[in-house]
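Values in this document were obtained by computation on a predicted structure and should not be read as measured data.
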Amino acid sequence: MGNSTYNGPVRSLNGFQIASKSATTGAVTDVTTLVNTDARRYALQCYFEKLPALNAVLDTTGASSSPALIAYTIANKEFQVMGTNMTTALSTFDTTRGGITITTAGADEDQSIIAPHLDTNQTAWQVVKWGTENSVVWEASVSTNAIDNQKIWAGLKLTNDQLIATDADQAFFKFQTDATNSEAFTDYTLLHFIYSVGGIDYISALPITVEANTTYHLKIVIDVNRQATIYVNGTQYNVSNTAGSTGGTATTAVQESKQATLSNALTNDVDLIPYIGIEAGAAGAEALDAHFQGISRLIFE
């Protein structure tokens with residue numbers, strides 16, 4: 001279809017999508033972001049214009065020194081960094097790709113996690129309820145660096161922990177190179193999607209081999225029936241509904257004109273929190289780039 005000009009408004013009952021066609025394979029994918037959300041939804045986006053810092057940076061009680069006040073002024077007021085041995089200095093701007101880079105401190109099991117500030121009334125990212133009953137849509141773009149001895153997770157959880165068993169209700173993506181300090185996967189080269197309903201876990205092994213220095217746009221869409229569907233780099237994937245806390249059931253991309261396999265209904269009225277994190281699986285620093293994050297929900301509950 002060529003360029004077209006219309007005289008008057010263009011309307012669609014179910015929204016518009018920005019499509020991208022691969023020059024090599026001819027595959028058409030959806031690259032639409034939440035910028036184009038409709039008026040029935042409440043939406044937030046963050047491109048990390050300011051660096052997330054440790055939560056303590058926002059507490060300036062008794063601080064009279066210039067360094068403390070400067071640190072507060074330049075810190076991101078929506079998101080913080082946290083995790084084992086994490087420091088503010090390990091959150092830096094990604095001047096090459098755009099966004100930020102979070103890096104672990106250098107020891108085994110060190111973590112670097114991006115989370116909304118959890119203080120009372122600090123940010124709508126935490127105060128607004130992202131409930132399973134609210135038709136929540138979450139998305140983020142992240143880039144890997146080196147792939148060695150690490151665990152990466154991103155999505156909607158109750159806590160910031162990467163372990164599947166920690167949260168009874170969740171929906172998130174995970175990649176890990178091994179089972180150390182974690183659960184066992186059948187294939188450690190693949191990206192996985194995990195959702196849990198009242199403590200019952202479901203692990204989808206997506207047909208996506210995670211590569212070094214590669215950008216992944218991740219998206220979770222929860223519908224009015226509390227069922228989730230997922231997208232990676234604009235391609236929709238089926239979700240496995242085979243219960244299990246280890247292993248992972250192989251899934252496929254949704255074929256054209258075919259109905260996607262959605263998750264089972266998530267537990268009703270559970271408020272989830274967006275987290276993005278990386279954990280080192282051995283001595284040595286591990287890094288993850290985060291370019292933007294978005295979330296929306298129906299205004300009417």
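- The hydrophobic cluster containing Phe93 also contains Leu90, counting ILVMFWY residues as joined when their side-chain heavy atoms lie under 4.5 angstrom apart, directly or transitively.
- Residues Tyr188 and Leu163 are members of separate hydrophobic clusters, defined by side-chain heavy-atom contacts under 4.5 angstrom among Ile, Leu, Val, Met, Phe, Trp and Tyr.
- Smallest separation of non-hydrogen atoms from Gln80 and Asn55: OE1-ND2, 3.2 Å.
- Residues Ile203 and Thr249 fail the side-chain proximity criterion, which asks for heavy atoms closer than 4.5 Å.
- No donor-acceptor contact under 3.5 angstrom links the side chains of Ser204 and Ser240, judged on distance only.
- Heavy-atom minimum distance, Gln170 versus Ile164: NE2-O, 2.9 Å.
- The side-chain heavy atoms of Asn76 and Leu51, taken from C-beta on, include no pair separated by under 4.5 Å.
- Two residues are said to be in side-chain contact when any heavy atoms from C-beta on lie closer than 4.5 Å; Leu206 and Leu190 fail this criterion.
- Between Lys174 and Glu183, at least one side-chain nitrogen of the basic residue sits less than 4.0 Å from a carboxylate oxygen of the acidic one, meeting the salt-bridge criterion.
- Judged by distance alone, with hydrogens and angles left aside, the side-chain atoms of Arg40 form no donor-acceptor pair with the main-chain N or O of Phe300 at under 3.5 Å.
- Note: Cys46 SG to Ile100 CD1 = 7.5 Å, rounded to the nearest 0.5 Å.
- With hydrogens and angles disregarded, a donor-acceptor distance shorter than 3.5 Å links the side chain of Lys151 to the backbone of Thr180.
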Are Asp169 and Lys157 close enough, and set up right, to give a salt bridge (charged side-chain N to carboxylate O under 4.0 Å, His left out), and what steps lead you there?
CA-CA 7 Å; Asp169 295 284; Lys157 294 176 59 59; over 6 Å; no
For Thr229 and Val221, run side-chain contact (heavy atoms from CB on, under 4.5 Å): C-alpha distance rounded to whole Å, both residues' side-chain angles, the deciding distance at 0.1 Å, then the answer.
CA-CA 5 Å; Thr229 189; Val221 179; 3.8 Å; yes
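- Checked against the 6.0 Å centroid threshold, Phe48 and Phe79 count as a close aromatic pair.
- The structure places CG of Leu262 at 13.0 Å from CZ of Arg226, a figure rounded to the nearest 0.5 Å.
- The CD atom of Glu133 sits 6.0 Å away from atom CG of Asn268, with the distance rounded to the nearest 0.5 Å.
- Note that CG of Asn264 is 12.0 Å distant from CG of Asn225, once rounded to the nearest 0.5 Å.
- The shortest distance between side-chain heavy atoms of Val224 and Ser135 falls below 4.5 Å.
- No side-chain donor-acceptor contact under 3.5 Å links Gln150 and Thr177.
- Looking at Glu109 and Thr84, their side chains never bring a donor and an acceptor atom within 3.5 Å of each other.
- Taking all atoms of both residues into account, the shortest heavy-atom contact from Asn213 to Thr144 is N-OG1, 3.0 Å.
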For His217 and Glu139, what are the C-alpha separation, side-chain angles and deciding distance, and is it a side-chain contact (heavy atoms from CB on, under 4.5 Å)?
CA-CA 7 Å; His217 177 243; Glu139 65 176 335; 2.6 Å; yes
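- In terms of modelled atom types and a separation under 3.5 Å, the side chain of Thr267 and the main chain of Gly198 share a donor-acceptor contact.
- Using modelled atom types, one side-chain atom of Arg297 and one backbone atom of Lys129 make a donor-acceptor pair closer than 3.5 Å.
- The shortest distance between side-chain heavy atoms of Leu191 and Val232 falls below 4.5 Å.
- Contact check for Asn241 versus Thr261: side-chain heavy atoms found under the 4.5 Å cut-off.
- Neither Val28 nor Ile208 shares a network with the other; the hydrophobic side chains, linked directly or stepwise wherever heavy atoms of I, L, V, M, F, W or Y lie under 4.5 Å apart, form separate groups for each.
- Remark: side-chain polar atoms of Trp130 are paired, donor with acceptor, to backbone N or O of Trp125 under 3.5 angstrom.
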Go through the steps to decide whether Ser143 and Asp289 satisfy the test side chain to side chain donor-acceptor pair (under 3.5 Å), and finish with yes or no.
CA-CA 5 Å; Ser143 291; Asp289 300 337; 4.9 Å; no
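- Side-chain contact of Thr104 with Glu279: a donor-acceptor pair under 3.5 Å is absent, judged by distance alone.
- Expressed to the nearest 0.5 Å, how far CD1 of Ile278 lies from CG of Leu288 amounts to 5.0 Å.
- With no hydrogens or angles considered, a side-chain donor-acceptor pair links Thr189 and Asp187 at under 3.5 Å.
- Note: His192 and Phe175 fail the aromatic proximity criterion, with ring centroids not under 6.0 Å apart.
- Ring geometry, Tyr195 versus Tyr202: the interplanar angle falls under 30°, so the pair is classed parallel (tilted spans 30 to 60°).
- Counting all heavy atoms, side chain and backbone alike, Ser263 lies closest to Gln227 at O-NE2, 3.0 Å.
- For the atom pair OH of Tyr47 and CZ of Phe292, the computed distance is 5.0 Å after rounding to the nearest 0.5 Å.
- Proximity of a side-chain donor or acceptor of Asp94 to a complementary backbone N or O of Thr101 within less than 3.5 Å is not detected.
- Counting heavy-atom neighbours within 6.0 Å of Lys77 NZ, excluding the residue itself, gives a total above 12.
- Under the 3.5 Å distance criterion, the side-chain polar atoms of Thr214 are matched with a main-chain donor or acceptor of Ala212.
- In the model, Ser245 has no side-chain atom that pairs as donor or acceptor with a side-chain atom of Asp201 under 3.5 Å.
- In this structure a side-chain-to-backbone donor-acceptor pair under 3.5 Å is present from Asp110 to Ala107.
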Please test Thr215 against Asn233 for side-chain contact (heavy atoms from CB on, under 4.5 Å), starting from the C-alpha separation and ending with a verdict.
CA-CA 8 Å; Thr215 301; Asn233 290 342; 5.6 Å; no
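- In this structure, Ser91 contributes its side chain and Pro52 its backbone to a donor-acceptor pair below 3.5 Å.
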Taking it one step at a time, do Val254 and Tyr231 satisfy side-chain contact (heavy atoms from CB on, under 4.5 Å)?
CA-CA 10 Å; Val254 178; Tyr231 299 80; over 6 Å; no
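- Between the side chain of Lys21 and the main chain of Thr29, no donor-acceptor pair closer than 3.5 Å is present.
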With side chain to side chain donor-acceptor pair (under 3.5 Å) as the criterion, how do Gln162 and Ser182 come out once you've worked through the C-alpha distance, each side chain's angles and the decisive distance to 0.1 Å?
CA-CA 8 Å; Gln162 52 89 4; Ser182 193; 3.2 Å; yes
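- Nearest heavy atoms, Leu158 versus Ile273: O-CD1, 4.0 Å.
- Across all their heavy atoms, Asp269 and Thr132 have their closest contact at N-OG1, 3.1 Å.
- Of the N and O atoms on the side chains of Asn238 and Thr252, at least one donor lies less than 3.5 Å from an acceptor on the other residue.
- Checking Trp138 against Gln293 by side-chain atom types alone, a donor-acceptor pair falls below 3.5 Å.
- Contact check for Ile230 versus Gln236: no side-chain heavy atoms found under the 4.5 Å cut-off.
- Residues Tyr42 and Val136 share a hydrophobic cluster, clusters being chains of Ile/Leu/Val/Met/Phe/Trp/Tyr side chains in contact below 4.5 Å.
- Side-chain atoms of Ile222 and Leu156, non-hydrogen and from C-beta on, do get closer than 4.5 Å to each other.
- Tracing side-chain contacts under 4.5 Å through hydrophobic residues (I, L, V, M, F, W, Y), one never reaches Ile147 starting from Phe185; they form parts of separate clusters.
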